[in-house]
Structure formats: C-alpha cells, structure tokens
Colleague: 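Quick one: the structure is below, and I'll ask about it shortly.
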Amino acid sequence: MAKVLTPRSESYSQWYNDLVLKADLAENSAVRGCMVIKPYGYAIWEKMQAQLDKMFKETGHENAYFPIFIPKSFFSKEADHVEGFAKECAVVTHYRLMNNPDGDGVVVDPEAKLEEELIVRPTSETIIWNTYKNWIQSYRDLPIKCNQWANVVRWEMRTRLFLRTAEFLWQEGHTAHSTKAEAIEETETMINVYAKFAEEFMGVPVIQGFKTASERFAGALETYTIEALMQDGKALQSGTSHFLGQNFAKAFDVKFASKEGKEDYVWATSWGVSTRLMGALIMAHSDDHGLVLPPKLAPYQVVIVPIYRKDEELEKIKVVAENIKSKLGAKGVDVKFDFSDNRKPGWKFAQYELKGVPVRLAIGPRDIENGTVEVARRDNLTKETVSIEGIDEYISTLLDEIQESIYNKALEFRAENTRSVDTYDEFKKVLDDKGGFVFAHWDGTEETEKRIKDETKATIRCIPLDQPDEDGIDMVSGKPSKKRVIFARAY
RNA sequence: CGGGGUGUAGCGCAGCCCGGUUAGCGCACCUGGUUUGGGACCAGGGGGUCCCAGGUUCGAAUCCUGGUACCCCGACCA
C-alpha cells in the first residue's frame, strides 16, 4: 500500500498535518493563522454540534446570539480578564475604504475612524454581562442559562490546524444565578456534560479536575477542565467550565433583589468547547493509514464499494447495495454508496481508510452469487465475509462494538501512559522517555509550579476531582502535600 | 517577536549555484480504448503574469536591492 501520510513514529506533528490535509478536513487559508474547514471536516463538527446542542438543551439551556464586536472600554472593566486577553486581540479602527488617491487599489479612509475601537471578540463575557445587566432585576429573572454558537478570534503567534487557529468556532455558555451554590452546581453540571460527550461520543477518555490558579481562565475563581491524552504522550485541554463568582456582575454592575428584599450581585459561570475537539478526535484514535472516526461522529458510518467488470454486474450490485442502504437508513445509519466509475476499488479502499469511515462493505459478483458481503472495520483493519441475510442487524451491532472498542483502546493507552512518581529525577526521566500523565505531589505554590514548567515544560494539567487524599511531600520543594496532581506536557 | 525555509500549471516538485532555443517532470484534469476483490494501463490533449516592484544585461525563473505571503522551529498561548 502506498504511503500518503508521514508515519507517526517519524514525526507526529507532520503526521497530524498530513492527515488533516489528506483526509480533507481542513486546509490553511489565504489569511494567516486562519483555516478553511472543508465539507468533510465540517460534517464531523456538525455532528459534534448537534449532540452537544442536544445535551445543552437537556440541561436547561437556550441558544442566543451576541455581537462579534465588543467596545474596547468593556475590556477594561474586569482587570484579570483584560490582562489575559489584551495581547491577542484583533481591533477594528475604521469602518470604510476608499479608492487609493495615489493609484491602484483601495485604502482605509482616514476620515472613517471609529470614536471607540471595537474588539473582535476573543470570548464574550464582557458583552454578555453588559447585556445581562438589562435583563436582571429580581431573583425571579434568574437563572439565565444561555449558550451561543459562534466564532472567536485570538491573535495567536503560532497556529496549527484545529489545535490553535487565529479564528475558531466554538460554543460559549454564559449563565447567571442568584446563589453561589447554584452557580457552582452549574459549573459542575457542564464539565460533566463535556466529559460525557468526550467519552461516549468522541470515544476519548478524559480526566476532570480543577486548574491551578495560574492556569485559570482570566477572571474566573475556579476553572474545571477535562484533559485528554494524545498518542504522542501530550495532554490536550479539551473543554473548560468556569465559576466566575461575582466578578463580572461587579464589573458590569449586575445586581438583583433577593426574595428577602436584599440587593446582591449575580453569580456567573461560563463554559466552552471549540473546534479544538476536532484535534483531540484526530490525535486520539487515528493511525498511519489515516483517520479513525467513532461511528457516532462519522459523517457516514458505512461506505459501500462495488466491485465489477461489466455493467450488468454493477446493476445487480446496485440493487443489493441500495437495499442495504435503505435498511440501514431505517436504523439511523448513514451509508454512502460509491459507485463512481473513475476509481478502482483499491483506490477507494485506501481513500475511505484515510477518511476514517468506520465500516466498509465491498460487494462483487462473487458476493452476489453467494449472498454475502465483505465487511471491513476501520478501527482494527479486519475483514470478514458475512451473509447478506440480517446484514442490517449485524452492521448496527458492529457499529456499537466499534464505538466501544475505540474508547477502550484509548482508555488502555491512557492507563499505560499514566504513572505515579515521587522524585524529581524520576519525573524528568518519565517525561523525556515516555510522556503521558504523571501523578505527583505538589506543595500548592505557584513558585514550584513555575519552576517545574520552566525546567521540564510540563504543566499541571489539573487537580483531579476523584483523586483520593494522600499525604506526601512535594518532589521539588520537599514541603508537605495532601494530594497528587497531574502533570504533563501539553498542546 | 527571534531563528530557519519556501513562493515555478489545481497539488507536489526540478530547473537557479554557472543568465542564452518554445520552462520541464510526477500526480490530478479532458478524450478514446482496455481494465476493476487493496492506490490500473496505453494513446492523445488542455492548462504558466516562474510571488510583487525596481535594478544589472543584447537577453533574467536564474544575478542584485527592496517588499510581501505562507510554512517549520522557538518564545507566547485564557
């Protein structure tokens, strides 16, 4: 088989790049750091969106939409927030172009300068809290639980397709509550939604935990995260949910009258996942042949490839294929029947492997004669010949099995690449030799965290929620620690 | 922002060092035919402001100057 991808063992990042391009997921655009998401890639994103959107609605959220532009002054209202985002903002200063008086092309009309510059949103807390101020007077107006699907812009120095782009697509939930407890509960509910989505739909096991103060969202009191492990041993932050306390309510003066007639500031949360999830999906499962998609997110779960010499043969195959397609369709399985005649079967096999289609059916004259069909699994590349009788049942069971198997494989990989260490030497050795998640004691200080980051490039991915208390000593400072945290090198 | 690299057909590249016919090659594309159970083959065909601007020269894809775009590595990354 001809190789079209750089093998993972040779260069993981090159492999990733090749795969995104060759599987037709996305490509670089004419605009620095911005990508074009191609139809096949976007179809996967749409599946993610549809499922997440459903889960958001099931947990009581509504969709809304807020402007892409935010007045500059809004950013100065919350000190930590502006500090976190100031360095990567795109700014609109003018609103009109004119013909170049010196010759060709157009120039910005200097007359058309904005009174106040507009920031292209890097995130929407400020504009949303400015809006919420008008929506909230009483506890009866609460909670407000809005989500928006949007694009945001962060002017990153260095970008990578899906993992970090200057513009990206995401959803951001912004909720307002009358009590601290309710806001915290909301924050936890949403990180649970994300974890469930990652595991059950993407087939990516994640660890839930708190971010340390230095890794927190700008303006948050607590940031919950889900952390996934990629095949190269690096961690990927895959979703975050923030408890914002009353910071934004105070910054935008959003108060409500309680049942008892007292005035108080509103409690806030925000939470988001982005097209970065596409990166997680790709890196968690795919191999040197291409993408491996979990059935629940594949644009189509099954592709049928006909094998024939004569047109009469194709006609017979078409009848069988269309029949299978409609039976599977009735079970909610999307099938692509590729009877295009400009490619040979071998080419199609390779192509659909590259694109990660979970199940491939090949039907030829031999199968027509025997009443069979060849079933190939993308995840483990096995093939078998199956009777056409009851094929719809067989496939739909197989898809469930593949979904589960992909998750288990990733879970196993994570287990093999998760280690507990007690000394700094061992810590460095593990990071250099193997990578992965490293559980170690930490004294809770920012100094130690920073020192470890500077010396090893490993960061504290999170303070895991379900980690039992355990007395120990910090591997660097020797100070006491009550619990292990997770370190890793990360994307 | 620092270091490196690359801009030549839709894509991937050669040619440039050492200036000189009509700028090549592979893939893709179009036509015809033979093929089709793991990336087919033959024949024919179409497609180029050689990134931009200026300079040197009888002559520039090639040399010089400036610009610009993108990619990679690093720093940065809520």
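All values below come from the heavy atoms of this structure, side chains included, with hydrogens, waters and symmetry mates left out.
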Colleague: Over all strands shown, is A:Asp341 touching base, sugar-phosphate only, or nothing at heavy-atom distances under 4.0 angstrom?
Modeller: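 Touches nothing.
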
Colleague: With rounding to whole Å, what would you report as the distance between B:A40 and B:C1 at their P atoms?
Modeller: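 Approximately 49 Å lies between the P atom of B:A40 and that of B:C1.
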
Colleague: In whole angstrom, what separates A:Trp347's CH2 from B:A28's C1'?
Modeller: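 From A:Trp347 CH2 to B:A28 C1': 10 Å.
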
Colleague: Write down the distance separating the P atoms in B:U68 and B:A53, rounded off to the nearest Å.
Modeller: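 One P to the other, the span is 15 Å.
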
Colleague: Checking contacts here: which listed nucleotide (B:A78, B:C71, B:G37) is nearest the side-chain heavy atoms of A:Pro345?
Modeller: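 Minimum distance to the A:Pro345 side chain belongs to B:G37.
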
Colleague: In this structure, are over 12 heavy atoms from other groups packed under 6.0 Å from A:Lys72 atom NZ?
Modeller: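 At most 12 heavy atoms, drawn from other residues, nucleotides or ligands, come within 6.0 Å of this atom.
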
Colleague: Take atom C1' in B:A60 and the same atom in B:U21, then report the distance between them in whole Å.
Modeller: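 Those two atoms are separated by 15 Å.
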
Colleague: Applying a 4.0 Å non-hydrogen cut-off, can you work out what A:Arg160 is touching in the nucleic acid: base, sugar-phosphate, or nothing?
Modeller: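 Touches nothing.
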
Colleague: Under 4.0 Å between any heavy atoms, over every strand shown, what does A:Arg366 touch: base, sugar-phosphate, or nothing? Just pick one.
Modeller: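 A:Arg366: base contact, heavy atoms under 4.0 Å.
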
Colleague: Are the charged groups of A:Glu369 and A:Lys316 less than 4.0 angstrom apart, N to O?
Modeller: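 Salt bridge between A:Glu369 and A:Lys316, a charged N being under 4.0 Å from a carboxylate O: no.
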
Colleague: Distance check needed: B:G39 P versus A:Tyr352 OH, whole Å only.
Modeller: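 My rounded result for the distance is 17 Å.
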
Colleague: With a 4.5 Å heavy-atom cut-off, do A:Glu222 and A:Ile184 have their side chains touching?
Modeller: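 Result no, sub-4.5 Å side-chain heavy-atom pair not found.
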
Colleague: Considering every strand and a 4.0 Å limit on heavy-atom distances, what is the contact class for A:Glu374: base, sugar-phosphate, or nothing?
Modeller: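 Base contact.
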
Colleague: Roughly how many Å apart are B:U49 and B:U8, using the C1' atom of each and rounding to a whole number?
Modeller: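 About 12 Å, rounded to a whole number of Å.
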
Colleague: Between A:Ser241 and A:Thr187, does any side-chain donor sit less than 3.5 Å from a side-chain acceptor?
Modeller: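 Distance-only check fails for A:Ser241 and A:Thr187.
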
Colleague: Whole Å only: how far is the CE atom of A:Met157 from the P atom of B:C1?
Modeller: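 Result: 7 Å.
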
Colleague: Check the distance between B:A28's C1' and A:Asp24's CG and give it to me in whole angstrom.
Modeller: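 The answer, rounded to whole Å, is 13 Å.
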
Colleague: What is the distance, rounded to the nearest whole Å, between atom CD of A:Glu27 and atom P of B:C11?
Modeller: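 The answer, rounded to whole Å, is 10 Å.
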
Colleague: Quote, to the nearest angstrom, the P distance that separates B:C17 from B:C63.
Modeller: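 The answer is 5 Å between these two P atoms.
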
Colleague: Once you apply a heavy-atom cut-off of 4.0 Å, does A:Gln351 come out as touching a base, just sugar-phosphate, or nothing?
Modeller: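 Here A:Gln351 touches the bases of the nucleic acid.
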
Colleague: By nearest nucleotide on RNA chain B, pick out whichever of A:Cys34 and A:Arg164 is the more 5' one.
Modeller: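 Its nearest nucleotide being more 5', the pick is A:Cys34.
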
Colleague: With the side chain of A:Thr240 defined as its heavy atoms from C-beta on, choose the nearest nucleotide among B:C29, B:A78, B:C71.
Modeller: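 That would be B:A78.
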
Colleague: Sticking with atom C1', work out how far B:C76 lies from B:G15, rounded to a whole angstrom.
Modeller: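 Taking atom C1' in both B:C76 and B:G15, they lie 40 Å apart.
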
Colleague: Side chain of A:Lys383 only, heavy atoms from C-beta on: which candidate in B:C77, B:A78, B:G38 is closest?
Modeller: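 Closest nucleotide to the A:Lys383 side chain: B:G38.
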
Colleague: Whole angstrom is fine here: how far is it from CG in A:Leu354 over to P in B:G38?
Modeller: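 Rounded to whole Å, this separation is 18 Å.
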
Colleague: Can you find a donor-acceptor N/O pair under 3.5 angstrom joining the side chain of A:Arg309 to the base of B:G37?
Modeller: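 Looking at the base of B:G37, it does not pair with any donor or acceptor on the side chain of A:Arg309 (distance under 3.5 Å).
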
Colleague: Among B:A75, B:G38, B:C77, which is the nearest nucleotide to the side chain of A:Lys457?
Modeller: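 The listed nucleotide nearest to A:Lys457's side chain is B:A75.
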
Colleague: A:Arg343 vs A:Gln351, test: side-chain hydrogen bond (donor to acceptor under 3.5 Å, both in side chains). Steps then yes/no.
Modeller: CA-CA 10 Å; A:Arg343 298 293 186 189; A:Gln351 186 64 15; over 6 Å; no

Colleague: Just checking A:Pro122: base, sugar-phosphate only, or nothing, at a heavy-atom cut-off of under 4.0 Å?
Modeller: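 If one applies the 4.0 Å heavy-atom cut-off, A:Pro122 turns out to touch nothing in the nucleic acid.
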
Colleague: Find out whether the Lys NZ or Arg CZ of A:Lys428 is both under 6.0 angstrom from the six-membered ring centre of A:Tyr424 and within 45° of the ring's axis.
Modeller: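 Yes, a cation-pi geometry holds between A:Lys428 and A:Tyr424.
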
Colleague: Kindly point out which of B:A28, B:G37, B:C77 is positioned nearest to the side chain of A:Ile307?
Modeller: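 Looking only at heavy atoms from C-beta outward on A:Ile307, the closest nucleotide is B:G37.
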
Colleague: Looking across every strand, which nucleic acid part, if any, lies under 4.0 Å from A:Asn17 by heavy atom: base, sugar-phosphate, or nothing?
Modeller: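 Result for A:Asn17 = sugar-phosphate.
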
Colleague: For B:G48 versus B:C13, give the span between their C1' atoms, rounded off to a whole number of Å.
Modeller: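 Their C1' atoms lie roughly 15 Å apart.
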
Colleague: How does RNA chain B look in dot-bracket form if you count Watson-Crick and G-U pairs under 3.5 Å, write [ ] for pairs that cross, and put | where a base pairs with another strand?
Modeller: ((((((((.[[[[.)....(...]]]].((((((.....)))))).....[[[[[..)....]]]]])))))))....

Colleague: Taking the nucleotide of RNA chain B with the closest heavy atom to each, which residue, A:Phe217 or A:Gly33, is nearer the 5' end?
Modeller: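 Result: A:Gly33.
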
Colleague: Please measure how far the C1' atom in B:C52 lies from the corresponding atom in B:U6, and state the result in whole Å.
Modeller: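 Result for the C1' pair: 16 Å, nearest Å.
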
Colleague: Expressed as a whole number of angstroms, how long is the span from A:Glu88:CD to B:C76:C1'?
Modeller: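 Rounded to the whole Å, the gap is 9 Å.
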
Colleague: Is it true that atom CD of A:Glu322 has more than 12 heavy atoms of other residues, nucleotides or ligands lying nearer than 6.0 Å?
Modeller: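 Atom CD in A:Glu322 is packed in, count exceeds 12.
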
Colleague: Is it the case that A:Arg360 places NZ or CZ above or below the six-membered ring of A:Phe349, under 6.0 angstrom from the centre and within 45 degrees of the axis?
Modeller: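 Flagged: A:Arg360 positioned over aromatic ring of A:Phe349.
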
Colleague: At their closest point, which heavy atom of A:Ala488 faces which heavy atom of A:Arg461, and how far apart are they?
Modeller: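 Nearest pair, atom of A:Ala488 first, then A:Arg461: CB-CG, 3.7 Å.
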
Colleague: Would you say the side chain of A:Lys344 and the base of B:G37 hold a donor-acceptor pair, judged only by whether the two atoms sit under 3.5 Å apart?
Modeller: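 In this structure, the two groups form no donor-acceptor pair.
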
